[in-house]
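See below for the structure under consideration.
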Amino acid sequence: MKLHEFLPPVSQAVGRVGPNDWVVLSTRVRLARNLRSTLFPDRAKKNDRIRVCSIIRKEVEALPQMASGFAESMDALSAVEKQTLVERHLISREHAMRGAGSALVLSKDTSLSVMINEEDHLRMQSLKPGMQLQEAWVAIDEVDTALSKTLDFAFSDEFGYLTACPTNVGTGIRVSAMLHLPGLVLAEQINRVIQAANELGLAVRGLYGEGTEALGNLFQVSNQRTLGQTEEEIIERVGKVVNNIIENEKNARGLLLQNNPKMVYNHIGRAYGILANSHSISSKETMNLLSLFRLGFDLGFFPGVQRSFIDELFMVTQPAHLQARFAGKLSAEERDIRRADMLREAFRNVERPSMPSDPTSSLDKT
Amino acid sequence: MICKQREARVHLTQIDQGKIKKVDLCEQCAKEKGVDDPTGYALADLLLGLGAPQETTRSSSTATSCRSCGLTATDFKKSGRLGCPDCYATFKDILSGLLESMHRGTRHTGKRPGAGHPPVVASDQLALLQQQLAEAIAVENYEEAARIRDRIKALKSADGRVLSA
């Protein structure tokens with residue numbers, strides 16, 4: 001089956017709901033595992049990677065969780081297909097750069113994803129909408145337990161699960177939440193929050209993880225330490241911090257509306273104006289404006305809109321999704337034009353924001 | 001950041017004497033400093049002015065290499081990546097300081113692979129190694145063959161899945 005036939009339509013993928021999904025777009029738990037007495041992927045020769053890959057792939061595909069799923073070698077996927085998977089958060093950017101000897105296995109609903117021969121032999125993740133860290137952990141824990149019955153994982157009593165990079169050793173766990181924080185950014189409190197999270201041993205990164213920019217006011221919060229704590233302790237810690245950030249975001253929005261409502265209205269009104277009327281727009285600008293549009297939705301300024309409509313636009317305006325829709329290689333300029341066309345079309349039925357201080361009454365007086 | 005003017009796009013991580021150093025550079029500074037191949041030099045040292053000469057005073061531990069994969073301590077310091085699970089035993093001295101600064105403890109307290117389920121795939125892994133051994137001998141790469149033989153021995157060893165790390 002081809003990837004585009006397998007992947008659920010964007011509208012379905014973004015339509016899934018979860019607790020606190022007005023801030024928490026998704027939560028994810030990822031485990032790193034390696035086979036005992038086997039060279040890590042980057043140290044192994046290509047032929048050995050291919051053999052190890054097929055051993056692991058066979059076991060992963062046999063899992064009941066992967067029934068009717070998708071499995072493919074990375075060299076069988078096109079650049080656009082790989083980038084689409086990155087945009088859906090189903091593979092890492094690093095995995096997208098791999099070819100023969102690396103593979104991907106997805107569950108039918110795409111909530112489970114196993115990357116084979118990324119930096120480690122296995123990188124398996126569970127992705128859930130909204131704040132569902134515990135649920136994501138339970139799901140991936142089951143996959144790991146099942147695989148440990150057929151695959152001999154490299155494990156030491158002292159260091160736990162052994163990984164290619166010592167930053168992942170021990171539990172091999174990465175617990176993360178994708179947060180939409182326009183309030184904290186507009187209130188200029190985001191750096192304080194990032195600093196506080198860092199002090200607690202958590203990393204705050206951009207949309208696509210390590211080394212990426214925080215586009216669209218989206219931030220990924222995750223644990224950095226993997227050794228010396230249990231999985232439950234790490235999940236609890238990340239959960240506590242994320243819940244605190246949710247509270248901070250709520251307060252920041254409240255204070256902004258109280259102290260500087262015009263600034264907020266101005267940002268949202270202008271975002272609407274450009275999204276609904278531009279004829280060429282970059283993916284970066286689109287993300288930043290859609291973030292403000294989403295904030296306007298949260299504040300009740302767009303009563304006729306569904307949140308899934310906004311989240312769908314976030315996804316379909318990204319480069320690979322756009323390329324796939326217009327089947328064929330588009331230049332960056334052509335993409336910006338197509339993107340603007342798509343947004344104008346989508347915004348045709350979105351009414352102007354109705355904000356508390358709309359000047360209709362004062363206009364009437366003149 | 002070095003110039004503190006432009007956005008940092010090049011991020012370097014360097015491990016030195018058990019400490020992690022990070023340097024963020026904009027593209028222009030990266031070019032000026034000749035940072036094209038991040039694996040080529042002890043870059044962070046170079047950029048932070050901490051003296052490349054130290055490299056010459058090699059301690060005995062930098063000379064060790066992993067008997068299973070051939071990775072040397074210098075390779076590890078350059079890339080920050082280990083070559084195989086056995087590296088954790090080989091480079092235990094270097095790692096212990098490093099792990100202490102990275103994590104909350106140096107001892108694993110979390111999940112363990114389920115006991116009582118002998119992994120059926122071990123035989124597949126064994127077959128794989130034996131194939132590799134035959135290939136290495138065929139091309140007369142005896143150094144590689146010796147390493148593979150050690151890994152086969154480790155896999156067959158009676159101490160189960162627990163590595164003597």
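Naming convention: chains lettered A, B, ... in sequence-line order (proteins, then strands); numbering from 1 in each chain.
- For the 3.5 Å distance criterion, the side chains of A:Thr145 and B:Lys111 qualify, holding a donor opposite an acceptor.
- A heavy-atom distance below 4.5 Å is not found between the side chains of B:Cys87 and A:Phe40.
- Residue contact with chain A, scored on non-hydrogen atoms closer than 4.5 Å, is absent for B:Asp150.
- Atom-to-atom distance recorded for A:Arg43:CZ and B:Asp75:CG is 5.5 Å, nearest 0.5 angstrom.
- Atom-to-atom distance recorded for A:Asn168:CG and B:His103:NE2 is 7.5 Å, nearest 0.5 angstrom.
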B:Arg104 and A:Arg237: side-chain contact (heavy atoms from CB on, under 4.5 Å), yes or no, with the steps? CA-CA 13 Å; B:Arg104 285 187 77 76; A:Arg237 196 179 185 86; 3.4 Å; yes
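- Distance check: B:Leu129 CG to A:Thr38 OG1 gives 6.0 Å after rounding to the nearest 0.5 Å.
- Within the 4.5 Å cutoff, the side chain of A:Pro166 has heavy atoms near those of the B:Phe76 side chain.
- Between B:Gly80 and A:Cys165, the shortest heavy-atom contact is O-SG, 3.9 Å.
- Between B:Tyr88 and A:Glu158 the shortest side-chain heavy-atom distance does not fall below 4.5 Å.
- Using a 4.5 Å heavy-atom cut-off against chain A, the contacting residues of residues 130-146 of chain B are B:Gln131, B:Gln132, B:Glu135, B:Glu144.
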Mind listing the side-chain donor-acceptor pairs of residues 116-125 of chain A below 3.5 Å, one per line with the distance, residues two or more places apart or on another chain?
{"residue": "A:Asn117", "atom": "ND2", "partner": "A:Arg49", "partner atom": "O", "Å": "3.1"}
{"residue": "A:Asn117", "atom": "ND2", "partner": "A:Gly101", "partner atom": "O", "Å": "2.7"}
{"residue": "A:Glu118", "atom": "OE1", "partner": "A:Arg123", "partner atom": "NH1", "Å": "3.2"}
{"residue": "A:Glu118", "atom": "OE2", "partner": "A:Ser92", "partner atom": "OG", "Å": "2.4"}
{"residue": "A:Glu119", "atom": "OE1", "partner": "B:Arg81", "partner atom": "NE", "Å": "3.0"}
{"residue": "A:Glu119", "atom": "OE1", "partner": "B:Arg81", "partner atom": "NH2", "Å": "3.2"}
{"residue": "A:Glu119", "atom": "OE2", "partner": "A:Arg123", "partner atom": "NH2", "Å": "3.3"}
{"residue": "A:Asp120", "atom": "OD1", "partner": "A:Asn34", "partner atom": "ND2", "Å": "3.0"}
{"residue": "A:Asp120", "atom": "OD1", "partner": "A:Ala164", "partner atom": "N", "Å": "2.8"}
{"residue": "A:Asp120", "atom": "OD2", "partner": "A:Arg123", "partner atom": "NE", "Å": "2.9"}
{"residue": "A:Asp120", "atom": "OD2", "partner": "A:Arg123", "partner atom": "NH2", "Å": "3.0"}
{"residue": "A:His121", "atom": "ND1", "partner": "A:Asn34", "partner atom": "OD1", "Å": "3.3"}
{"residue": "A:His121", "atom": "ND1", "partner": "A:Leu35", "partner atom": "N", "Å": "2.9"}
{"residue": "A:His121", "atom": "NE2", "partner": "A:Leu39", "partner atom": "O", "Å": "2.7"}
{"residue": "A:Gln125", "atom": "OE1", "partner": "A:Arg28", "partner atom": "NH1", "Å": "3.0"}
{"residue": "A:Gln125", "atom": "NE2", "partner": "A:His89", "partner atom": "O", "Å": "2.9"}

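- B:Arg107 has its side chain within reach of A:Asp157: a pair of non-hydrogen atoms, C-beta onward, lies under 4.5 Å apart.
- Remark: A:Thr167 OG1 to B:Leu98 CG distance equals 9.0 Å, nearest 0.5 Å.
- Applying the side chain to side chain donor-acceptor pair (under 3.5 Å) criterion to A:Ser283, with sequence neighbours excluded, gives no partner residue.
- Shown here are the ring-ring contact (aromatic ring centres under 6.0 Å, His included) partners of B:His108, two or more places apart in sequence or in another chain: A:Phe155.
- A pairwise comparison of heavy atoms in A:Thr163 and B:Leu82 identifies O-CD1, 4.3 Å as the closest pair.
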